[in-house]
> 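Take this structure first; my questions come after.
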Amino acid sequence: MQIHSSVADLRAALQGRARVVFVPTMGNLHAGHISLMEQARAHGDTVVASIFVNRLQFGPNEDFDQYPRTLQADADKLAAAGVDVLFAPSEADLYPEPQEYVVEPPAIQHQLDGEFRPGHFRGVATVVLKLFNIVQPQAALFGKKDYQQLMVLRNMARQLALPINIVGGETVRAEDGLALSSRNAYLSPAERNEAPRLYRELNKIRDAIRAGESDTTKLEEAAVAALTAAGWKPDYVAVRQQSDLAVPTGTNLPLVALAASRLGTTRLIDNIEI
Ligand code: PAF
């Protein structure tokens with residue numbers, strides 16, 4: 001596997017390569033990322049991964065400094081997964097000057113996670129468009145665990161006519177149901193034990209809707225109450241339409257239940273399609 005940190009070196013390495021498929025990450029890779037790398041092969045001939053902890057998508061009181069940086073271990077995992085090229089720029093490589101031109105996503109960026117992480121999706125969309133311009137892939141893969149991110153990026157690609165197929169990869173879970181996430185590393189052993197409750201609450205919502213319950217507000221409130229009673233601090237539990245993440249007008253369209261909640265100091269997110 002080739003590893004490049006400068007934009008010029010990466011461009012030179014990808015010169016003339018057709019059918020590049022791209023998996024952007026922030027590193028600290030787990031089985032969810034590796035599953036995306038493996039799926040990537042079906043969408044192109046040259047698999048490029050990136051590792052870059054993007055300051056622009058973190059709020060001032062968030063975990064940018066703390067975010068685990070494990071480049072060597074990540075590179076070993078990517079090489080073992082058959083990735084062809086790793087792009088691992090420094091901040092000076094990717095942002096040699098203040099990033100003043102940004103991608104401003106529409107109203108969806110202020111809902112759900114965006115309500116609690118102002119500016120987050122602007123930072124994500126900006127870095128992803130910049131990475132797309134550098135790597136010029138024909139396809140790019142993102143995990144469905146970050147459901148709203150996937151939607152923002154899919155809509156960005158469509159509205160800006162980017163010639164890139166945006167592919168969503170299924171969430172990979174631990175045996176007890178907890179969605180794999182780099183932030184799980186922050187959990188104490190007791191919190192790790194408690195953490196699958198988030199997914200269990202989403203499952204209860206899905207089961208209730210499948211059984212005919214149509215009062216989604218009641219289901220959201222019950223999940224918030226259950227999490228709170230177990231010591232969590234929920235940001236939101238929300239049932240939304242899969243197509244646009246709008247509040248559903250009924251329960252017979254494809255829906256998704258999404259949640260974000262703090263367990264101790266760790267903020268976990270998850271979702272389940274219905
Ligand atoms: O999902 C992530 O890891 C990040 O938000 C991404 C897409 C790599 C952009 O920094």
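Whatever order the structure lists ligands and atoms in, that order sets their numbers, starting from 1.
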> Just jot down the salt bridge (charged side-chain N to carboxylate O under 4.0 Å, His left out) partners of Asp76, sequence neighbours excluded, or say none.
none
> Looking only at heavy atoms, which two atoms of Leu150 and Val167 are closest? And how far apart?
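Closest approach of Leu150 to Val167, heavy atoms only: CD1-O, 4.3 Å.
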> Is there a donor in the side chain of Ser35 and an acceptor in the side chain of Gln39, or the other way round, less than 3.5 Å apart?
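Their side chains do contain a donor-acceptor pair, which is all the 3.5 Å distance test asks for.
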> My understanding is that only residues two or more places apart in sequence, or in another chain, count here; which of them pass salt bridge (charged side-chain N to carboxylate O under 4.0 Å, His left out) with Asp176?
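Partners of Asp176 by the salt bridge (charged side-chain N to carboxylate O under 4.0 Å, His left out) criterion, ordered by chain and then number, come out as Arg192.
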> Can you give me a line-by-line list of nitrogen or oxygen pairs between ligand 1 and the protein shorter than 3.5 Å?
| unit_1 | atom_1 | unit_2 | atom_2 | d |
| --- | --- | --- | --- | --- |
| ligand 1 | 1 (O) | Gln149 | NE2 | 2.8 |
| ligand 1 | 5 (O) | Gln57 | NE2 | 2.9 |
| ligand 1 | 5 (O) | Gln149 | OE1 | 2.7 |
| ligand 1 | 10 (O) | Gln57 | OE1 | 2.6 |

> For the side chain of Gln99 and the backbone of Tyr101, is there at least one donor-acceptor N/O pair under 3.5 Å apart?
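Confirmed, Gln99 side chain pairs with Tyr101 backbone.
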> What pairs with Phe52 under ring-ring contact (aromatic ring centres under 6.0 Å, His included), at least two apart in sequence or on another chain?
Tyr95
